[in-house]
Amino acid sequence: MSAPPAAGRKKRGASSVRTEAAAHGELVEPVSGEGRSRYHVEALSRGLTLLKLLSLAVSPMSVSDLAQSSSMTIATAFRIMRTLSALGFVESAGARDYRLSYKAIRLGYNAFAHSDFADLAAPVLKRLHRQTGDSVFLSVLAVPNIVSIVRIVPPKRLHVVGHVFPLHATAEGKILIGHLDDETRLLNAALLPQRLLVPHGTVSREAFMEEAAEAARRGWATTDEELVLGTRGVAAPIFNGSGVCVAAAALVSTRNRRTLAETTGPLREQLLQVTGEINTLLGLRYRTALPPEPSVGS
Amino acid sequence: MPAPGSSTTRSRYHVNAIERGLTILSRFDQERIQLSLTEIASGLDCALSSALRLLRTLEDLGFVVQDIETGNYRPGIAAIRLGYASIVSSPLHTCSLPILAELHRQLSVNVSLDVLVGDRVCRVERLSVINLLPDELTVGSFFSAHNTAAGRALLMGLPIRTVRALLAKQDFEPLTEKTLRDAKSVEAELLSARARGYACSDQEFSLHLRAVAAPVQARDGTATAAVTISSASHAVSAEIMHGVHAPAAIEAAARIAAALAELEGGP
């Protein structure tokens, strides 16, 4: 049993971690490499690895499949599966295979099923704010405006929601309009004036609708001093489990702080990574999908 | 390969660390969507530093995420995917879906499939008409067995001793004025459910809801799942529920049981 070096990942009492580990007689293996804590509980990590493999597999897996996919020995994989099975989180499927049992719903899904959408997105968006230092918004459509449902603004990080902005002047607005189905988009376009006001003049409704359609196609939109002189931002769509665009997330900064190339380059990439994460989460919100209706006469 | 039951230091260590890590994840539920380090440590009855190491391991593999502002933890994508995968990879999912959908379409009712997990009922499928019912439960919800139609359908085929052990743990909180308030009345209700082949809960769980449920029976007579039809109590009368919904639920449950038996191979 090796004692770890005396530095924690963060500035929390590393020495107490070591003492505690020794007291519990647990193996503590410092794991080097990115994204891994120094104090990695190896046995737990292995159990989680096998659970993860089962959750990503389309069909049940045998111990040897699991061992092979995880680079563990069969003996180790066997011991872990026996533990997971005794705890009730996996069950046998056929003679040799295992699958996740319904008890696995208690390992986080239950809490997730009761979290509201803004609540799920908020921690991920806060991380984006921390990474970039820029303002982060999550907004929904309320034609002719957008309304923020999450808002993280430096330096005070005010989380006041319900801010309203004209949709045509925001990157989120372009994304949200662009993702409407054709009929709804036309109906909503009719609610907008022919000439849309921006700080340096007006743009035509047609030009805006075209830009929105293009934004939806490529998966992101920008706004460059269209709402307020000196601010620019980039937005990306958020989809629910059925693939419908329900909101847009945006990263907003100022002209002095970010060049347009930064906004459409590295910042856009950071934003898309975060929206990708939120979209994956929302995709796990299980709704029983109705199988197609049998055709008449069948 | 160690013989079953051999408890070397190493395997005990394995069991312990995995169990404690998964216990942390089990602490999250519909009432506790996020937890602080202190709450997690006190739940495990261990020191903060010990809990922290388990949490960091969970975090490294995506099973928890920490809110950078509050420092609280919540389940991560990897943990959420476990529940999702258990639902969609279950043979019940494939066998029940077309049958539940047909029932839903024919009667325009809220149909769900519920299973027993430990002492609680878990909703694993749900097809609802557009108007959401008040107090209705989403997929992934856990609820009590003794006062719900689904729970009673799952309990009614169990040996009386098992039922009594389960009922002994309930507090019989009166959720509405109609909730049965003691083990004896619930036991009697289970007996009559067994006699008529389906269970019901008429405004016992919520004044807004009445529901019937029929067990999907395994060969040994216990229920693998329950087919539940819930309705708004203001819109659907008890007569409709017993006269129309109950036979429909029984029929669907029997068809799911047959599909399941066929899938699992066997006469």
Side-chain angles (χ1 to χ4, degrees), chain A residues 9 12-13 16-17 20-21 24 26-28 35-37 39-41 43-45 47-49 51-52 54-55 59 74-75 78-80 82-84 87 89 99-115 119 123 126-127 130 277 280-281 284 286-288 290-291 293, chain B residues 1-2 11 13-15 17-19 21-22 25-26 28-30 32-33 47 49-50 52-54 56-61 63 65 67-69 74-75 77-90 97-98 100-101 104-105 115 117-118 122 124-127 138-142:
Chain A
R9 187 176 59 166
R12 289 181 227 196
S16 72
V17 170
E20 182 60 31
H24 277 75
E26 284 177 13
L27 185 68
V28 182
R36 289 212 146 185
S37 316
Y39 303 109
H40 201 70
V41 183
L44 174 57
S45 164
L48 296 176
T49 301
L51 284 173
K52 207 180 221 178
L54 283 172
S55 75
S59 46
I74 291 198
F78 174 79
R79 198 164 49 224
I80 292 169
R82 208 176 50 188
T83 302
L84 292 173
L87 293 171
F89 296 112
R99 67 165 165 253
L100 292 164
S101 67
Y102 283 129
K103 196 178 173 187
I105 295 172
R106 283 180 44 190
L107 298 175
Y109 192 86
N110 176 229
F112 167 73
H114 288 83
S115 307
D119 227 28
K126 283 181 198 166
R127 213 181 60 222
R130 175 74 60 94
E277 220 174 290
T280 306
L281 256 178
L284 292 173
Y286 177 69
R287 295 242 190 287
T288 313
L290 272 176
E293 197 144 359
Chain B
M1 211 174 283
S11 83
Y13 155 69
H14 263 277
V15 174
I18 293 175
E19 183 170 12
L22 297 180
L25 293 179
S26 309
F28 295 103
D29 63 25
Q30 48 215 57
R32 287 166 299 205
I33 287 162
S49 50
S50 217
L52 193 59
R53 283 188 311 110
L54 293 166
R56 290 214 178 137
T57 307
L58 288 165
E59 195 178 7
D60 287 346
L61 281 113
F63 284 80
V65 285
D67 188 311
I68 51 173
E69 202 179 35
R74 52 174 77 215
I77 288 179
I80 293 163
R81 190 177 277 125
L82 293 178
Y84 180 84
S86 80
I87 293 171
V88 298
S89 70
S90 164
L97 210 48
L100 295 175
H104 171 70
R105 265 196 296 257
V115 295
V117 176
C122 181
V124 295
E125 304 283 350
R126 169 169 172 259
L127 290 161
T138 58
V139 167
S141 299
F142 281 82

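All chains are named by letter (A, B, ...) in the order of the sequence lines, taking the proteins before the strands, and each is independently numbered beginning at 1. Note that this is a predicted model, so its numbers are computed, not measured.
- For the pair B:Arg81/A:Thr280, a side-chain contact is recorded, criterion being any heavy-atom separation below 4.5 Å from C-beta on.
- Rounded to the nearest 0.5 Å, atoms CD1 (B:Ile18) and CZ (A:Phe89) are 11.0 Å apart.
- Between B:Leu82 and A:Lys52 the shortest heavy-atom distance is CD2-N, 4.5 Å.
- With a 4.5 angstrom heavy-atom cutoff, B:Arg32 touches chain A only via backbone atoms.
- Taking NE2 from A:His114 and CZ from B:Phe28, the interatomic distance works out to 16.0 Å, rounded to the nearest 0.5 Å.
- In terms of modelled atom types and a separation under 3.5 Å, the side chain of A:Asn110 and the main chain of B:Gly140 share a donor-acceptor contact.
- Across all their heavy atoms, A:Tyr102 and B:Ile87 have their closest contact at CE2-CA, 4.1 Å.
- If you take CG on B:Asp60 and CG on A:Leu48, they are separated by 10.0 Å, rounding to the nearest 0.5 Å.
- In this structure, CD1 on B:Ile80 lies 6.5 Å from CG on A:Leu284, to the nearest 0.5 angstrom.
- Looking only at distances, no side-chain donor or acceptor of A:Ser55 sits under 3.5 Å from a matching main-chain atom of B:Ala85.
- Note that the CG atom of A:Leu107 and the CZ atom of B:Phe63 stand 8.5 Å from one another [nearest 0.5 Å].
- In terms of heavy atoms, A:Tyr109 sits closest to B:Gly83 at CB-CA, 3.8 Å.
- Taking all atoms of both residues into account, the shortest heavy-atom contact from B:Ile68 to A:Arg130 is CD1-CB, 3.3 Å.
- In this structure, the portions of A:Ser115 lying under 4.5 Å from any heavy atom of chain B include both its backbone and its side chain.
- The parts of A:Arg106 that come within reach of chain B are both its backbone and its side chain, each placing non-hydrogen atoms under 4.5 angstrom from that chain.
- Here B:Leu22 is the residue among B:Leu22, B:Val88, B:Leu100, B:Val65 with the most heavy-atom pairs under 4.5 Å with chain A.
- If you measure heavy-atom distances from A:Leu51 to chain B, the contacts under 4.5 Å come from both the backbone and the side chain.
- Separation of atoms NZ (A:Lys103) and OG (B:Ser86) is listed at 12.5 Å; rounding is to 0.5 Å.
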